[in-house]
Protein chains: 2
Amino acid sequence: MNTVLIAEDEPSIAGLIKLCLSQSGYECTVAKNGLEAADLIEQKDFDIALLDIMMPGADGYELLEYLRPTGTPAIFITAKGELDDRVRGLSLGADDYIVKPFETRELVARVETVLRRTGRGGKMLYAFGVEADTHAHTVTKNGEQVHLTPLEYTLLEQLMRSRGAALYRDILYSRVWGGDMEDDTRTLDLHIKRLRQKLDWTDKIITVYKVGYMLKSEDMP
Amino acid sequence: MNTVLIAEDEPSIAGLIKLCLSQSGYECTVAKNGLEAADLIEQKDFDIALLDIMMPGADGYELLEYLRPTGTPAIFITAKGELDDRVRGLSLGADDYIVKPFETRELVARVETVLRRTGRGGKMLYAFGVEADTHAHTVTKNGEQVHLTPLEYTLLEQLMRSRGAALYRDILYSRVWGGDMEDDTRTLDLHIKRLRQKLDWTDKIITVYKVGYMLKSEDMP
DNA sequence: GTGAAATGTATCTGAGTTGTAACAAAAATA
DNA sequence: TATTTTTGTTACAACTCAGATACATTTCAC
């Protein structure tokens, strides 16, 4: 699971970012100001940092200096008004920037893009002869390519990332579809069925009644 | 991997603790003072917290209050001189305490003990040959899988988490069913019966007359 | 636009889960 | 011991949930 540092002094924004990234499977830590962020950077190695430019303590530009030696990529967050020349000429080091207010989807997409571009998002996941390339979004089983649709792939990735643990239907849904699950709809079940079919995984993806689905871990009976 | 919060203002001690716990496979985060620790607690769910009692910002006792709602167990760290009455009478909530200076071996051992005791070491719960995997929502007895319905499982988990303590009927009910218990209904009793049956635990789940139910602890006759 | 692929909806079904009602047993109380 | 209160048991009906199927809709490349 990729780790994200969110440096944002406005709690509501920080909370929103944390929420939607968490739901997309990222592990988030929030710093309320620049100093806190600097501390965290020195303590832990994050995969990516989201930095509010205007912050008490240390602003985003200073934080970039802290990040540089670690090689952690960064995305600037900026309010519309602040989008001045300083920001525009931001070849100064950030990998991308996002303007508030932003679409949560866009946020997630940008984080993913930066992670992929900087080679931090690409990882291989394995389970029961199935190999998922999180960089290329391709899947093979016993060496042979299996064609999955984008949704199927995302679903599989989530299951593989939480190997051996049951994922609640609504959590799984929100991670894959990115919204709340409608009351009674069979969408999730349908895609699970398709996954099971394509991978021949009827007994590997377990339905946990009234909870959700789980991908067995190797050692489970 | 289990996560540890280390709240300790003396950097050398904090570093030492972090070092030896990291080597034992724990993921450590250090807070330099009470406030920082409080922030981290609200942000992240740690598996265990090591708290220095004397700290600027908020002391260990205050931090315990932050931890209580999350259910995170805590170990107090205290200098020899501080081992006064306050500390001695620390039945006040911490799960254990360690006196500085300490042997690193002892530290690791105590952390492990507390984690196991609180059922967080790998998120497994054990009792009388029964093993509950809180991630997978599965239960085995003497290695063999036992099928429990969702309600039965939740009920079991509650009992196992409060091992050796009687749980009031209404509390147990509200934890499992999530509402107030109707006046006269046999629902709870029925599910207790089913649990007893499936696990062959007639004598392990004790009915405390006029109170509720209790799962025996290993050392009870 | 057309067609193929991807995704979603509607509905049915059967299995599995759960609560109720009615009564039996046990424990406390008198 | 008789009575009341509390807990255990049984059988069954009602219900909920996930699987399946068929079809509708959307998306995308050409």
Side-chain angles (χ1 to χ4, degrees), chain A residues 105 109 137-139 145-159 166-216, chain B residues 137-139 145-159 166-216:
Chain A
R105 285 244 174 204
H137 285 215
T138 56
V139 174
Q145 180 95 20
V146 179
H147 174 76
L148 295 189
T149 69
L151 267 174
E152 283 160 5
Y153 174 81
T154 317
L155 184 56
L156 173 67
E157 190 176 317
Q158 290 306 322
L159 289 170
L167 285 164
Y168 284 87
R169 297 179 126 259
D170 49 358
I171 290 180
L172 200 46
Y173 187 92
S174 76
R175 285 197 190 164
V176 176
W177 281 267
D180 281 348
M181 185 164 55
E182 297 303 313
D183 261 351
D184 173 52
T185 180
R186 307 250 60 69
T187 309
L188 176 56
D189 310 58
L190 181 54
H191 285 268
I192 288 282
K193 173 197 152 85
R194 287 171 178 158
L195 250 191
R196 279 175 169 154
Q197 220 159 40
K198 288 194 179 179
L199 298 173
D200 191 21
W201 264 12
T202 323
D203 53 337
K204 302 291 186 290
I205 298 176
I206 297 176
T207 68
V208 183
Y209 196 84
K210 284 213 181 184
V211 176
Y213 294 95
M214 170 178 69
L215 177 58
K216 266 195 197 171
Chain B
H137 287 225
T138 56
V139 174
Q145 182 97 25
V146 180
H147 176 76
L148 296 188
T149 70
L151 268 173
E152 285 159 5
Y153 173 81
T154 319
L155 183 55
L156 173 67
E157 193 177 316
Q158 290 306 321
L159 290 169
L167 285 163
Y168 284 89
R169 298 178 124 261
D170 50 357
I171 290 180
L172 201 45
Y173 188 92
S174 76
R175 285 198 194 162
V176 176
W177 280 266
D180 280 349
M181 185 163 56
E182 300 301 314
D183 264 352
D184 173 52
T185 180
R186 309 251 55 70
T187 308
L188 176 56
D189 311 59
L190 178 54
H191 284 268
I192 288 282
K193 171 204 149 75
R194 287 172 177 157
L195 251 190
R196 280 174 169 155
Q197 212 162 44
K198 288 195 179 177
L199 299 173
D200 192 20
W201 264 12
T202 323
D203 53 337
K204 302 291 186 291
I205 298 176
I206 298 176
T207 68
V208 184
Y209 196 82
K210 285 222 184 194
V211 176
Y213 296 96
M214 170 178 69
L215 177 57
K216 265 195 198 173

Self-check item: Worked check of side-chain contact (heavy atoms from CB on, under 4.5 Å) between A:Leu188 and A:Arg169
Solution: CA-CA 8 Å; A:Leu188 176 56; A:Arg169 297 179 126 259; 4.1 Å; yes
Quiz item: Going through the checks in order, is the side-chain contact (heavy atoms from CB on, under 4.5 Å) test met by B:Ile205 and B:Leu199?
Solution: CA-CA 10 Å; B:Ile205 298 176; B:Leu199 299 173; 5.7 Å; no
Practice problem: Nearest-nucleotide wise, let me know which of B:Arg196 and A:Arg196 is further upstream toward the 5' end of DNA chain D. | Solution: B:Arg196
Quiz item: Where do A:Tyr153 and A:Val146 land on the side-chain contact (heavy atoms from CB on, under 4.5 Å) test, with the steps shown first?
Solution: CA-CA 10 Å; A:Tyr153 174 81; A:Val146 179; over 6 Å; no
Practice problem: Check whether any side-chain heavy atom of A:Leu195 lies under 4.5 Å from a side-chain heavy atom of A:Leu159, and answer yes or no. | Solution: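 SC-SC contact between A:Leu195 and A:Leu159 confirmed.
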Self-check item: Heavy-atom pair with the smallest gap, counting every atom of B:Pro150 and B:Thr154
Solution: O-OG1, 2.8 Å
Quiz item: Is the closest basic N to carboxylate O distance between A:Glu152 and A:Arg194 below 4.0 Å?
Solution: no
Exercise. Show the numbers, then the answer: is there a side-chain contact (heavy atoms from CB on, under 4.5 Å) between B:Trp177 and B:Leu151?
Key: CA-CA 8 Å; B:Trp177 280 266; B:Leu151 268 173; 3.8 Å; yes
Quiz item: In the 5'-to-3' direction, what one-character label does each nucleotide of nucleotides 16-30 of chain C receive under the scheme B = base within less than 4.0 Å of a protein heavy atom, S = sugar-phosphate only, - = no such atom?
Solution: -SBBB-B----BS--
Quiz prompt | Separation of C:dT11 C1' from A:Asp189 CG (nearest whole Å) | solution = 14 Å
Quiz prompt | With sequence neighbours excluded, residues passing side chain to side chain contact (heavy atoms under 4.5 Å, CB included) with B:Gln158 | solution =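 Expected list: B:Leu172, B:Arg175, B:Val176.
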Quiz item: Which nucleotide of DNA chain D is the first, and which the last, in the 5' to 3' direction, to come under 4.0 Å of a heavy atom belonging to chain A?
Solution: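 On DNA chain D, the outermost contacted nucleotides are D:dT16 to D:dT21.
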